[in-house]
Each structure stands twice: as structure tokens, then as C-alpha cells.
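A short write-up of the structure that comes next.
Everything numeric here is computed off the predicted structure, so don't read it as measured data. Both backbone and side-chain heavy atoms feed into the values below; hydrogens, waters and symmetry mates do not.
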Amino acid sequence: MRIGCRGNEVVRGARRRLASLVGLTIAVAPPALAQSSDTMASIAIPAQPGAIDLGTGKLPGATAPEAWHSQYGSVFARNVTVATLTPVLPDPAKANGTAVIVAPGGGFRTLSMENEGWDVARALAARGVAAFVLKYRLNQTPADLETFARPAPAGATPPRRDPAAMMAGLAPQIADARAAFALVRKRAGEWHVDPARIGMVGFSAGAMLTMATTIAGQDAKPAFIGNIYGPLGAMTVPADAPPMFVALAADDPLFGNAGYGLIDSWRTAKRPVEFHLFEQGGHGFGMYPKTTTSTGWFDEFARWMAMHGWIKPAQ
């Protein structure tokens, strides 16, 4: 799949809408920032039963092989060069026809596959939703984990990027997301999914990919979206923008003090939006059990989905 296949006007419009998202790829911290510090440790690539190659090809110019590590009591993928989609399906007796593509975060350098991927998918499947974990291609990092784990020099501030450069930088990931939507629609009958009820939820960088897919994903067209501790800068909202659920902790060191223009943008466009600002939780809380109320974000997300008729209300 190629971004921009409908012509330059589509690309120009997408660039305008994505302007407010510039900078996430250079700002995202490790996805489990809210957890206590822990040392990265290399692990073997785990079994990923059912993972499907999305057919978007190998990341151009990639030389470092895919590698995994453990940290914060969870597991992370790095140097992903081939995108896959892993179905996590509900009991057929509980399946309600709704599907969600789950995009883990990690600054486009890693993927929090457990805390922001498989755990989320299992929670959705328990509520009758067909979930699909998107392991999208990542920017290359040093093959050696020790080198990768070294902290950036104090005071280092990467340069900001213009919208055109950002679009070019996210082209592989957007292509992966589009391919994921196409695959779920193609196999909708097999997976007991209604093609008109496929949403997407993303975390941190995965939230940015969710927004980019919504704006520039052309044929993806998610029915609803979840932005979990992603950037909330104002943007131009398309007239057919899907309903959006947003969750953020006020003490998030990346986006907690950056304003909430995205919420205002959705409201100004008269598009449905629900926003949960938790007092505490930091960045990257995901499905980690914590004492903060941010742990309840998933239950609120499920209630929101039930309100819209995408899942059955809890009994």
C-alpha cells in the first residue's frame, strides 16, 4: 500500500490536519515511564501464535534484526522490520461484531507488546470484541541492547520536524495500519466482525499512529478511535471524523502540560469526544495495576463503547 495514491490533494490535506502532531516521534519517552526504573534485559523473541504478516514488506534500509527485551515487568519489541497482526478473538458465543486494532507505543523505537498490546487485546476479547495487536515497523536502533539503553546526553533536544517530513517519516507505519484494516475487513466473516465496526486504540506513539491513520489512512476509516496518553494538540478535524475516546494523566511528563486543543477541535467540529484527565498515572500506565485512578481507564473505555452500542453493557 502507498500513502498518497489518491493524488497530491489527499496528501496536502492530510499534512495540514497532521500539523499539530509534529514532534511526537522525537518526544516520546519509554512507554512505561510511570513505573519504577528497571534494567533492560535481552530475551528470546517470544512465540507469537497466529501472527499474520501484513505484506507491507521489509522496512527499507533496515539492517538491525528484530530483538526483544524485558523491562518494568513487561516485554518490548525493537527493530521490527516486518509488520504483523495478531488476532485475539473472543469466544464465538460472546462475539458482538466489533473489532479493535491495538497499536502499542514506544516512540517508534520500541513496542510495548504486553502492557499496551496483548493485555489490552485480551481485555477487549473478554468483552466480546475481536482484538488485533498491530506490530508495526519501527525506526532502527542500535542492534546492541547496551548501546540502545544508554541515556541521551543531558540537555539534548532533537529538532522539531515540519509536517511534510513527519508524514514521510510515518509512511511505513500508516501503511501497516491501512493493511491491518484491509486484512480485518477481508476476513471479517471468518472472524465474526462487522466491517463497519472496526475501531483503533493507540498508546503514546501508537496514539499518534491512530490519529495519523484517522487523518491520512485513506481507506482505513476507523469507526471509532482511542487516544491513550498521546499528544493533544489542536488540529483541523475532518467532517466525518470518528467518535474519539481520550485518556491522559495530569502528571504525564510528556503531554500533561501541553494543553488539550485536540478535545476542543473535536468539539468545535461537533464530533463525539470523551476525555478523561486522571489526576495521577504518569506516562505509559497502560494495563499496569496501579493505585492511581488511571488504572480505571479501560473500564471507562468499555463503558464508552457500550454507550455507543459497540459492546454490550456490563451486567
Original post:
Taking side chain as C-beta onward, heavy atoms only, is F76 less than 4.5 Å from M40?
Top reply: no
Original post:
So, the side chain of Q280 versus the backbone of T292: is there a donor-acceptor pair under 3.5 Å, distance only?
Top reply: no
Original post:
Going by heavy atoms in the side chains, are V100 and W310 under 4.5 Å from each other?
Top reply: no
Original post:
Counting distance only, does the side-chain N/O of Q173 pair as donor-acceptor with the main-chain N or O of Y136 below 3.5 Å?
Top reply: no
Original post:
Taking the side chain from R137 and the backbone from P60, do they hold a donor-acceptor pair closer than 3.5 Å?
Top reply: no
Original post:
Just by modelled atom types, is the A62 backbone N or O under 3.5 Å from a matching donor or acceptor in the Q140 side chain?
Top reply: no
Subject >> Heavy-atom donor-acceptor pair, N115 side chain to M287 backbone, under 3.5 Å >> reply: yes
Original post:
With a 4.5 Å heavy-atom cut-off, do L134 and L209 have their side chains touching?
Top reply: yes
Original post:
Salt-bridged, K58 to D53, with N to O below 4.0 Å?
Top reply: no
Original post:
Take atom CZ in R122; do more than 12 heavy atoms of anything else shown fall under 6.0 Å from it?
Top reply: yes
Original post:
Do the side chains of I52 and W118 join up, straight or via other hydrophobic residues, at under 4.5 Å, putting them in one cluster?
Top reply: yes
**OP:** Using the six-membered ring wherever Trp is involved, compare the ring planes of W304 and F224 and label them parallel, tilted or perpendicular (cut-offs 30° and 60°).
**Re:** perpendicular
Original post:
Is the closest side-chain heavy-atom distance between H276 and W297 below 4.5 Å?
Top reply: no
Original post:
Does a sphere of radius 6.0 Å around CG in N257 hold more than 12 heavy atoms from other residues, nucleotides or ligands, not counting ones at 6.0 Å or beyond?
Top reply: no
Subject >> Nearest non-hydrogen partners of I45 and E66, listed with the distance >> reply: CD1-O, 3.7 Å
Original post:
Are any of the side-chain heavy atoms of T56 and P172 separated by less than 4.5 Å?
Top reply: no
Subject >> Side-chain heavy-atom pair R185, I198 within 4.5 angstrom cut-off >> reply: yes
**OP:** Would you name the heavy atoms of L54 and D176 that are closest together and state the gap between them?
**Re:** CD1-O, 3.6 Å
Original post:
Do you know which two heavy atoms are closest between A223 and P243, and how far apart they sit?
Top reply: O-CD, 3.3 Å
Subject >> Non-hydrogen atoms of N79 and P142 that approach each other most closely >> reply: ND2-O, 4.0 Å
Subject >> Donor-acceptor under 3.5 Å (S112 side chain, P104 main chain) >> reply: no
Subject >> Validation row: F301, E274 side chains within 4.5 angstrom (heavy atoms) >> reply: no
Subject >> Close side-chain approach of F245 and M305, heavy atoms under 4.5 Å >> reply: no
Original post:
Between A302 and I311, what is the shortest heavy-atom contact and its length?
Top reply: O-CD1, 3.2 Å
Subject >> Pair W191 and F132, ring centroids less than 6.0 Å apart >> reply: yes
Original post:
Shared ILVMFWY cluster between L59 and F148, side chains joined below 4.5 angstrom?
Top reply: no
Original post:
Can you tell me if CD on E190 sees more than 12 non-hydrogen neighbours from other groups inside 6.0 Å?
Top reply: yes
Original post:
Of the non-hydrogen atoms in E116 and G284, which two are nearest, and what is the gap between them?
Top reply: OE2-CA, 3.9 Å
Original post:
For the side chain of S265 and the backbone of V237, is there at least one donor-acceptor N/O pair under 3.5 Å apart?
Top reply: no
